[in-house]
Amino acid sequence: MPNIEGLSLTELYTSEKKGNDETGDGTREKPFKTILQAMRHAGKEPFPAIYVDSKDEHTEYDIAAKSQLKKIQKIWVRENYKAADKAKTEEESQEKRLQNLEEAKKIVITKDESLPEPKIVKIVEAGEHRGERLCIKGWVHRLRRQGRALAFLSLRDGTGFLQCILQGVLCQTYNALVLSTESSVIVYGKLRPVLEGKTAPGGHELVVDYWELIGLAPPGGADSILNEEALPDVQLDNRHIMIRGENTSKVLRARALVTRAFREHFESRRYTEVTPPTLVQTHNEEAYLTQSSQLYLESCIAALGDVYCISQSYRAEQSRTRRHLAEYSHVEAECPFINFDDLLNRPQKPFKRMMYSEAIEYLREHNITKEDGSFYEFGEDIPEMPERKMTDAIGVPILLCKFPAAIKSFYMAKSPEDRRLTDSVDLLMPGVGEIVGGSLRIWDYDELMEVYKGEGIDPSPYYWYTDQRKFGSVPHGGYGLGLERFLCWLLDRYHIREVCLYPRFLERCTP
Ligand code: 4AD
């Protein structure tokens, strides 16, 4: 008999042997496992005829014995009573809640005008105003209600966290009852040191005498769309909420500090900051996003001397890895009149130096091979995996130097002692891999023209780059550091997306 959902059957089948209470539908073909489930399915008495496995091996089903049905019917009745009771209690408590909320609407709190005028401060400055009446604006980071007349609220304003205490009617208003984390509020009250034996951020707490709800958040706050177990893509879709969390906001703050430290480093050495365009034209008509600001920085050294920029660079990475972004912050610098040693000597010593040729030897000696088991040969690019294995094993930062010209960019200067090599360097960090790439640049006009030709590059759109070699060329060089990779290393983060505000990589361009 075909079963149509919603229609009651005149017969219901059960089978201990092949039935299933979850997936069965009570038909002969898809029986339930238990009689109780058949009764639940029927929903009311009188029940249709209920069949069970036959004891006779030649027939499939037999009608269930009356005594058996009676026993199970009792369980079914009890189950129904319980369910009805539960529904009633739930209904009552929901009603009570609505009633409470209605009543709470009658409770109105007002500013006590006899109190001293509050001082508007940020949480970070609160400590300077203990004992004073303050007004602080922020978001509810945490909320703990204790009975009807006490609530602890952890307020966040981007500069810190502050414990606030709401007492009496202040936590009985309608707004207090519906208040959820992530709502925005303004609180007024006196700041006092925490009671002995208690702790709170800054060692103080605000005893609130008046507060206002500015913007309510959904019940549950951030948890309503995001929790600890959320999958990576759900977390990324909700990164705008995620950044409100303690860890993520700390990382963003550290990023701001590190960016500032880079600026201070360059400023203290009299580098000039420039802002090159990131929209570039390498051929006629079509514009592209830049991979590096280096060529523009090179064009600035004759005007400004040592220069740097902190700009976005773009890479069409074809896979999702934990160190590749499609858009990243590139810290780049360029200096006139330097040689290869000057370039390497810039970071604080000692940094281990290793030649590209030594790295090839290292891989061979330590049996780090390609997937097919063969060794990397001189002249081949060392991919990320073997490079990282080596860097992690050596365990200190490495300046990997002198890559073969054939595997590096066209602009890199050839090494005077061996013109198959370039005066190039990558800085490798344990745990992260390459974080800096740099080199001396070709500064001889004829040599650059030759390289264009060899690489099949049309020199015409690069006229401005070439002109540097005509108008007072000098030996020069520089480097680019991936800010996010540096942060991964510094903050010991596993994945590069953790240190981005809104990371961009394959198939990820929101929020
Ligand atoms: O080694 P790269 O490609 O060097 C350059 O672009 C030079 N023109 C820089 C210069 O000399 N001014 O990139 C430099 C650094 C890398 O070491 C890495 O830290 C970072 O940029 N980087 C990336 N970071 C995140 N995601 C990516 N897809 C990256 N590609 C490079």
Is there a donor-acceptor pair under 3.5 Å between the side chain of R485 and the backbone N or O of E434? yes

Quick one: does any side-chain atom of R504 pair with a main-chain N or O of C509 as donor and acceptor, under 3.5 Å? yes

Considering all heavy atoms of both residues, which atom of V499 and which atom of V251 are nearest to each other, and what is their separation? CA-CG1, 3.8 Å

Within residues 446-460 or reaching into it, pairs that qualify as salt bridge (charged side-chain N to carboxylate O under 4.0 Å, His left out) - sequence neighbours excluded: R419-E447

Answer whether the closest heavy-atom distance between the side chains of T199 and V194 falls below 4.5 Å. no

Is there a salt bridge (Lys or Arg N to Asp or Glu O under 4.0 Å) between D233 and R320 once you walk through the steps? CA-CA 12 Å; D233 269 308; R320 286 184 171 205; 3.6 Å; yes

Is there a side-chain contact between L226 and M242 (heavy atoms, below 4.5 Å)? yes

Within a strict 4.5 Å, meaning less than it, do heavy atoms of the H495 and P232 side chains meet? no

List the steps, then state whether ring-ring contact (aromatic ring centres under 6.0 Å, His included) holds for F337 with H476. CA-CA 5 Å; F337 298 109; H476 64 284; 9.5 Å; no

Under a 4.5 Å cut-off applied to non-hydrogen side-chain atoms, are E125 and K122 in contact? yes

The side chain to side chain donor-acceptor pair (under 3.5 Å) partners of N339 (sequence neighbours excluded) come to none

Under the side chain to side chain donor-acceptor pair (under 3.5 Å) test, which residues partner Y174, sequence neighbours left out? none

So, using side chain to side chain contact (heavy atoms under 4.5 Å, CB included) as the criterion, who are the partners of D237 when residues are at least two apart? R508

With a 3.5 Å distance limit and no angle check, can you tell me whether R133 reaches the backbone of P116 through a side-chain donor-acceptor pair? yes

So does A261 get a backbone contact from the side chain of H265, meaning a donor-acceptor N/O pair under 3.5 Å? no

Using atom types as modelled and distance alone, determine if a side-chain donor or acceptor of T422 lies under 3.5 Å from a backbone N or O of F403. yes

Quick one: ring pair (Phe, Tyr, Trp, His ring centres under 6.0 Å) partners of H324, sequence neighbours excluded? none

Presence of salt bridge, K198 and E205, under 4.0 angstrom: no

The side chain to side chain donor-acceptor pair (under 3.5 Å) partners of R260 (sequence neighbours excluded) come to none

For residues R239 and T510, determine if any side-chain heavy atom of one lies less than 4.5 Å from a side-chain heavy atom of the other. no

Are the side chain of S224 and the backbone N or O of G220 linked by a donor-acceptor pair below 3.5 Å? no

Are F262 and F486 close enough that their ring centres sit under 6.0 Å apart? yes

State whether F266 and R270 meet the cation-pi test: NZ (Lys) or CZ (Arg) under 6.0 Å from the six-membered ring centroid, and within 45° of the perpendicular axis. no

Flag the pair Y314 / Y328 as yes when their ring centroid distance falls below 6.0 Å, and as no otherwise. no

Does a side-chain heavy-atom distance below 4.5 Å link V451 with Y411? no

